[in-house]
Amino acid sequence: MASQEIEALSQALARLPGLGPRSARRAVLHLMKRRQAALEPLLSALQTVADKLSTCSTCGNVDTSDPCSICRDPRRDEKMLCVVEEVADLWALDRSRLFPGRYHVLGGRLSALEGVRPEDLTIDKLVRRVSAGGIDEVVLAMNATLEGQTTAHYLAERLEGFPVRLSQLAHGLPVGGELDYLDEGTLAQALRARRPVA
């Protein structure tokens, strides 16, 4: 059996997404075996982030500065705004390096079952950003779930009075996907979003 401190570390790691009790114990053993090379740099990095962590007051991204590095980047197209549900969605889209604009994080999605209402999200802040002008296109990058699409529809209604082009991420067949393995909802969306062959 491990000491209380080591057990507490294992339990803390087990609360992280993707790590269960067994994975957490393996991680702790790895860190203990490689104290100089793994544990101490990890502790230093965690302390640095804990000291500097902040939420961007402009877009809602999590970074070590406010405004965040994306909002401060002069190479970003200020006329394009991509709206996402969570910070993880922003990071996933930005890793692709395909969207040249800026972002807005809602902090969730509308859900009657979970009691998430429009005022619980940063929708009013989004409307203020758009109403301030200077934005030509708003991309609604909601997840392809019922709640995500409900949120996208609500946002489209809130933003329809502004002189901006509203667009939404395409949904349907994934690249490399085989029809036989896809669910009916994905197939239905792919059929609805079909386009002419050039």
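In what follows, every heavy atom counts, from backbone to side chain, and hydrogens, waters and symmetry copies are set aside.
- Atom CD of Q168 sits about 8.0 Å away from atom CE of M142, to the nearest 0.5 Å.
- Atom CE of M80 is separated from atom CG of D136 by 9.5 Å, given to the nearest 0.5 angstrom.
- For the residue pair D51 and T48, no side-chain donor N or O sits within less than 3.5 Å of a side-chain acceptor on the partner.
- A salt bridge between R72 and D63 is absent, with no side-chain N of the basic residue lying under 4.0 Å from a carboxylate O of the acidic one.
- To the nearest 0.5 angstrom, L29 atom CG is 7.5 Å from S10 atom OG.
- Taken from NZ in K52 to CD in Q47, the straight-line distance is 11.5 Å, to the nearest 0.5 Å.
- With a 6.0 Å radius and a threshold of 12 heavy atoms from other residues, nucleotides or ligands, E157 has its CD atom above the threshold.
- Under the 3.5 Å distance criterion, with hydrogens and angles disregarded, no donor-acceptor pair is assigned to the side chains of R26 and H30.
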L106 vs V84, side-chain contact (heavy atoms from CB on, under 4.5 Å): CA-CA, chis, key distance, verdict: CA-CA 6 Å; L106 292 174; V84 296; over 6 Å; no

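- Taking 4.0 Å as the cut-off between side-chain N and carboxylate O, R102 and E78 count as a salt-bridged pair.
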Please lay out, stage by stage, how Y103 and D94 fare under the test side-chain contact (heavy atoms from CB on, under 4.5 Å). CA-CA 9 Å; Y103 294 92; D94 207 51; 3.2 Å; yes

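- L166 and V105 sit in two unconnected hydrophobic clusters of ILVMFWY residues. Membership requires side-chain heavy atoms under 4.5 Å apart, directly or through other members.
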Under the side-chain hydrogen bond (donor to acceptor under 3.5 Å, both in side chains) criterion, do S54 and D66 qualify, and how do the steps go? CA-CA 7 Å; S54 65; D66 183 18; 5.5 Å; no

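- Using a 4.0 Å cut-off between charged side-chain N and carboxylate O, K79 and D77 make no salt bridge.
- With hydrophobic clusters built from ILVMFWY side chains whose heavy atoms lie under 4.5 angstrom apart, W91 does not share a cluster with L140.
- At a threshold of 4.5 Å between side-chain heavy atoms, the hydrophobic network of Ile, Leu, Val, Met, Phe, Trp and Tyr places F99 and V138 in two separate groups.
- Of the inter-residue distances, the one linking T151 atom OG1 with L146 atom CG reads 9.0 Å to the nearest 0.5 angstrom.
- Residues forming a side chain to side chain donor-acceptor pair (under 3.5 Å) with T122 (at least two apart in sequence, or on another chain): H104.
- Counting only residues at least two apart or in different chains, ring-ring contact (aromatic ring centres under 6.0 Å, His included) contacts with residues 128-166 are absent.
- Nearest heavy atom pair, residue C68 against residue C56, reads N-SG, 3.3 Å.
- Within a 6.0 Å sphere centred on CD of E119, other residues, nucleotides and ligands contribute more than 12 heavy atoms.
- Between the side chain of Q149 and the backbone N or O of N143 there is at least one donor-acceptor pair closer than 3.5 Å.
- Scanning all heavy atoms of the two residues, the minimum distance from P67 to C71 falls at CB-CB, 4.0 Å.
- Listed for the K33 side chain is no donor-acceptor partner under 3.5 Å among the backbone atoms of V28.
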Between I70 and D73, does a side-chain contact (heavy atoms from CB on, under 4.5 Å) hold up when you go through it step by step? CA-CA 5 Å; I70 293 174; D73 188 348; 5.7 Å; no

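- Between E137 and S167, the shortest heavy-atom contact is OE2-OG, 2.7 Å.
- When all heavy atoms of I135 and R129 are compared, the closest pair comes out as CD1-O, 3.7 Å.
- Side-chain N or O atoms of S131 include one that pairs as donor or acceptor with a backbone N or O of R128 at under 3.5 Å.
- Listed here is the closest heavy atom pair of L93 and C82: CD1-SG, 3.7 Å.
- L19 and L31 fall into different hydrophobic clusters, where Ile, Leu, Val, Met, Phe, Trp and Tyr side chains are chained together by heavy-atom contacts under 4.5 Å.
- Within the 4.5 Å cutoff, the side chain of N61 has no heavy atoms near those of the T55 side chain.
- Between G60 and V87, the closest heavy-atom pair is O-CG2, 3.6 Å.
- A salt bridge links D124 with R158: the closest approach of a Lys/Arg side-chain nitrogen to an acidic carboxylate oxygen falls below 4.0 angstrom.
- Looking at heavy atoms from C-beta onward, L126 lies in side-chain contact with L159 at the 4.5 angstrom threshold.
- Screening I123, L121, V127, L110 for a side chain to side chain contact (heavy atoms under 4.5 Å, CB included) involving L155 leaves a single residue, I123.
- Put simply, L43 and M32 are part of two different groups of oily side chains (I, L, V, M, F, W, Y) that touch within less than 4.5 Å, one to the next.
- Atom SG in C59 sits 9.0 Å away from atom CG in L81 (nearest 0.5 Å).
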